[in-house]
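Notes for the one structure printed next.
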Number of protein chains: 2
Amino acid sequence: MVTLSEENYLKAIYHLALRNDEKVSTNAIAQKMQTKASSATDMIKKLSEKGLVDYQKYKGVNLTEKGRLSAVSVIRKHRLWEVFLVDKLSFNWDEVHEVAEQLEHIKSEKLTQQLDAFLNYPTKDPHGDPIPDPSGNMPSTEKVLLAKIENHKHCICIGVKDSSAEFLQYLDKHNIALGTEITIVSKESFDESMTLKINKTPLVISKEVSHNLFVKIN
Amino acid sequence: MVTLSEENYLKAIYHLALRNDEKVSTNAIAQKMQTKASSATDMIKKLSEKGLVDYQKYKGVNLTEKGRLSAVSVIRKHRLWEVFLVDKLSFNWDEVHEVAEQLEHIKSEKLTQQLDAFLNYPTKDPHGDPIPDPSGNMPSTEKVLLAKIENHKHCICIGVKDSSAEFLQYLDKHNIALGTEITIVSKESFDESMTLKINKTPLVISKEVSHNLFVKIN
DNA sequence: ATTTATTTTTAGACAAGACTAAAAATTTAT
DNA sequence: ATAAATTTTTAGTCTTGTCTAAAAATAAAT
Ligand SMILES: [Mn+2]
Ligand SMILES: [Mn+2]
Ligand SMILES: [Mn+2]
Ligand SMILES: [Mn+2]
């Protein structure tokens, strides 16, 4: 049995290990969990005890296969519930996270399975993030940051790196959604700002925006 | 803020206070919560501290209005989720309780409200129990036990008193569901057994059954 | 009206998860 | 290579919710 707190830590470790796939530090975990390093150490010991992470004092942690499966199962539920909230209960994409954070811990194989079917086996959540399959495979996506796209190219918005309500509301305000076509009109090297064209409307964005929006080349 | 455990205790007290609307004893609470009397006492003190119950040592407890509202809100969510599971995710009525027991604690006004709308504002859960409205009014129902119905009368099944999986599966097996028409063919005074006619098929039931099935006169 | 049985409360302990303060290990800088 | 700074772990405490064992109050029986 994995407790609610343990699930949240496993999820944090999974996400931290994604890019820099070295071992995850105690401090990084504490920061992500909004807690103190000493609390993180305590929890790491419990997870290690239960065989969910590999741990050596002072050396950081790695998820074991068992831990990875547990984390991915929680992420699967989180993203399915997000789809449910948006598709069926008319939530906006900036309103779903907090609720999904609770729903992801509901324990019922049948519930998850039936929810998946009810939603017609979605492959992406409302923020463009992939939904793992029931056996724990996380689909890999070839998404690239808008900041990396060359001048004058066309691309399509397929996801967000930052899914905070503030950023999502900014995108809403400027009519950027998943599937929106974006043209890079110009790039300013001084401050990394960019001028885009969206539905024939020009838009100047800062580097904070271009570094948090995933696109694919059209 | 009311914790998950506190919510479960409040719900237990609410249900215990229903029929015998005197004060609820510590032992009764402990038994319903599958815990020890000493644990119940501890929790009662916390609830009293928070103004959710009225409590005098050795005299039992009553929900305050604040406590009643909290309990009814949890019951509302429990029953809405049960409807969701049966109507949308094709759960059987004997499979929903355990999952609803978890879902009832999810905290989001918007979620409950949107779920209610999505389900088309149901007034009864899959077991025939009434769903309280958003402001905490529990609809009263004029249901009567099958055991009280006179010989040769017709009635319709509208609910269950015992909603355990075992009883619900017994009803499934004998084709008794909400809305099923039942005719009392005869009553045996010796053991309180009854002979029914359901869809032209005769069925002999024990007093255990007739005392756990709610009907209304046709 | 006492004695006996039952119910309820207290006292003390434990596990989970978090915190603060201090010690130990590791990393960075000189 | 040492010293300084940072990270990580330990030690000890707290809160929530549970438990057992014992004491106190209430209810039942003689
Ligand atoms: Mn969570
Ligand atoms: Mn998401
Ligand atoms: Mn519950
Ligand atoms: Mn029910």
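Naming convention: chains lettered A, B, ... in sequence-line order (proteins, then strands); numbering from 1 in each chain.
Taking a cutoff of 4.0 Å between a charged side-chain nitrogen and a carboxylate oxygen, B:Arg76 and B:Asp133 do not qualify as a salt bridge. At a threshold of 4.0 Å, the pair B:Lys11-B:Glu104 counts as salt-bridged, since one of the basic side-chain nitrogens sits closer than that to a carboxylate oxygen.
When each of A:Thr35 and B:Asn27 is assigned the nucleotide of DNA chain C bearing its nearest heavy atom, the one mapping closer to the 5' terminus is B:Asn27. With DNA chain C read from its 5' end, the first of the two nearest nucleotides for A:Asp42 and A:Tyr58 is the one closest to A:Asp42.
The side chain of B:Ser39 contributes no N or O atom lying less than 4.0 Å from OP1 or OP2 of D:dT18. Listed pair A:Ser25 / D:dT6 fails the phosphate criterion, with no side-chain N or O lying under 4.0 Å from OP1 or OP2.
Here the C1' atom of nucleotide D:dA25 and the NZ atom of B:Lys59 are 9 Å apart, to the nearest Å. A:Gln56 places its CD atom 14 Å from the C1' atom of D:dT8, with the value rounded to the nearest Å. For the pair A:Lys36 NZ and C:dT20 C1', the interatomic distance rounds to 8 Å; values are reported in whole Å. Atoms NZ (B:Lys45) and P (D:dT18) sit 15 Å apart, rounded to a whole Å. The OH atom of B:Tyr9 sits 14 Å away from the P atom of D:dT16 (whole-angstrom rounding). For the pair A:Ile44 CD1 and C:dG17 P, the computed distance is 14 Å after rounding to whole Å. Regarding A:Met33, its CE atom lies at a distance of 10 Å from the P atom of C:dC19, rounded to whole Å. Summarising the geometry, the separation between CG on B:Leu4 and P on C:dG17 is reported as 14 Å, rounded to the nearest angstrom.
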For this session: Please step through salt bridge (Lys or Arg N to Asp or Glu O under 4.0 Å) for the pair B:Asp54 and B:Lys23, ending with a clear verdict.
Result: CA-CA 9 Å; B:Asp54 286 323; B:Lys23 295 190 170 175; over 6 Å; no
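Counting non-hydrogen atoms of neighbouring residues, nucleotides and ligands closer than 6.0 angstrom, the NZ atom of B:Lys50 exceeds 12 such neighbours.
Comparing C:dA18, C:dT9, D:dT10 by their closest approach to the side chain of B:Lys57 singles out C:dT9. Of the candidate nucleotides D:dG17, C:dA18, C:dT10, D:dG17 has the atom nearest to the side chain of B:Lys46.
The base of D:dT20 is paired with the side chain of B:Ser38 by a donor and an acceptor separated by under 3.5 Å.
Across all strands, A:Thr41 comes closer than 4.0 Å to base atoms (heavy-atom distances).
Geometric assessment of B:Lys88 against the ring of B:Phe118 yields a positive cation-pi assignment under the 6.0 Å and 45° thresholds.
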